Amino acid sequence: MPDVYTDYMTRDDNEVQSNIGYLLHPAIVASLPPKPRIADMGTGTARFLLLLREQYPDAILDGYDISPRLFPQENTLPPNVSLGILDMKQPAPKELHGKYDVVHVRSLVAAMLPTDWAIVVRNLSELLKPGGFLQWEECDFAGAKYLRGLVGSTVDAVRFMGKHFRNTLGERFEHGWCTLPREMRDAGLNPVLTDVAASDRVAETRKTLTTSVTEVFFSSARLMAERGAPGAMTNDQLDEMAKRAREDAESGGYVRYELYVACGQKPKE
Ligand SMILES: C[S@@+](CC[C@H](N)C(=O)[O-])C[C@H]1O[C@@H](n2cnc3c(N)ncnc32)[C@H](O)[C@@H]1O
């Protein structure tokens with residue numbers, strides 16, 4: 001299941017980031033030295049770092065992931081971007097302690113159990129220099145709404161599949177977006193800043209986001225069908241629903257959810 005989510009999230013990062021409106025929170029940007037050292041944890045395709053590099057060509061940008069599965073070829077990476085293997089749930093290696101001006105994380109919810117958040121926030125705080133920031137973005141997918149964009153749009157099939165998906169991932173979606181500020185304060189970060197934007201803030205992104213989110217709903221449901229999981233839909237039901245969901249998106253029906261940003265600063269010594 002996390003793989004289905006991973007594939008979706010890594011495909012639509014441009015739309016998600018356009019709706020947030022920045023890569024780094026303005027308070028972090030204001031704090032950066034001329035040659036910042038920035039880490040992206042659970043970096044996936046390293047897309048975030050490659051976009052960041054356009055704004056900070058002199059920065060040192062290190063991406064880490066538990067798996068190299070989505071890493072771009074090493075010889076395609078710019079000289080100031082490097083990638084490595086690291087499990088955020090394990091204590092951070094001593095040689096990385098106090099090394100970064102910013103540690104960034106995005107869309108890890110599917111890989112996190114409710115009890116993991118506090119441990120991971122503490123591990124990542126160790127990587128920060130005094131005065132450095134942890135910035136973490138997660139969406140409130142449990143609170144997704146299914147709306148019509150035009151008079152006469154339909155959205156029932158997308159809504160039905162969204163609820164099916166939500167039931168599959170269950171309580172994972174109830175953590176992170178709403179608990180990260182507290183976890184950051186508990187880890188000693190201060191101040192903790194929060195921000196929230198809607199996934200449809202930029203109206204032009206609605207259809208693309210809806211189409212790809214819907215693909216995730218179906219990939220997940222087909223996986224459940226293959227495994228004969230309890231409550232799984234049949235392939236015939238899924239084919240019929242897929243046709244109706246395409247009609248929903250074409251008619252202007254769309255899914256909307258909130259994108260949350262939490263930023264915590266390590267106190268200056
Ligand atoms: C949904 S993808 C998000 C990728 C990237 N952050 C982005 O927004 O484009 C989640 C990524 O987290 C990685 N991941 C999962 N568990 C991890 C862990 N314990 N430590 C480090 N990376 C992890 C996965 O391998 C995957 O690449």
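One is the number of the first residue; the rest follow in order along the sequence. Just so you know, ligand 1 is whichever comes first in the structure, and atom 1 is the first atom listed for that ligand. What you see is a predicted model, and the numbers here were worked out from it, not measured in a lab.
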### Message
Please determine whether any non-hydrogen atom of D40 lies less than 4.0 Å from an atom of ligand 1.
### Response
no
### Task
Look at the side chain of T214 and the backbone N and O of T210, then say whether any donor-acceptor pair between them is shorter than 3.5 Å.
yes
### Query
Which ligand 1 atoms are under 4.0 Å away from a heavy-atom of G44?
27 (O)
### Task
Return a yes/no value for M41: is any of its N or O atoms, backbone included, closer than 3.5 angstrom to an N or O of ligand 1?
no
### Task
Just jot down the ligand 1 atoms closer than 4.0 angstrom to any heavy atom of L86, in number order.
20 (N), 21 (C)
### Within-cut-off N or O pair, M88 and ligand 1, under 3.5 Å
yes
#### Entry: Where ligand 1 meets A111 - atom numbers and elements under 4.0 angstrom, heavy-atom basis
15 (C), 16 (N)
### Task
Please confirm whether D65 comes within less than 3.5 Å of ligand 1 when only nitrogen or oxygen atoms on both sides are compared.
yes
### Task
Give yes or no for whether the N/O distance cutoff of 3.5 Å, strictly under, is met between L108 and ligand 1.
no
#### Entry: Verdict with reasoning, W117 to W136, per ring-ring contact (aromatic ring centres under 6.0 Å, His included)
CA-CA 11 Å; W117 295 91; W136 193 323; 5.2 Å; yes
### Query
Backbone or side chain, does any N or O of R106 fall under 3.5 Å from an N or O of ligand 1?
yes
### Message
Please tell me whether Y254 and M161 are part of a single hydrophobic cluster in this structure, the criterion being side-chain heavy atoms less than 4.5 Å apart.
### Response
no
### Whether F173 and F141 hold their rings parallel, tilted or perpendicular, with breakpoints at 30° and 60°
tilted
## Note on the structure
One finds that the ligand 1 atoms under 4.0 Å from a non-hydrogen atom of S107 are 1 (C), 2 (S), 3 (C), 10 (C)
### Query
With no hydrogens and no angle check, is any side-chain donor or acceptor of D62 less than 3.5 Å from a backbone partner on A39?
no
### Task
Determine the sole option in R122, R172, K89 for which the salt bridge (Lys or Arg N to Asp or Glu O under 4.0 Å) test with D116 is passed.
K89
### Query
How about H164 and F217: are their ring centroids closer than 6.0 Å?
no
### Query
Can you find an N or O of D87 that's nearer than 3.5 Å to an N or O of ligand 1?
yes
### Task
Inspect the surroundings of CD in Q73 and state if more than 12 heavy atoms from other residues, nucleotides or ligands are less than 6.0 Å away.
no
### Contact with ligand 1 for T45, non-hydrogen, under 4.0 angstrom
no
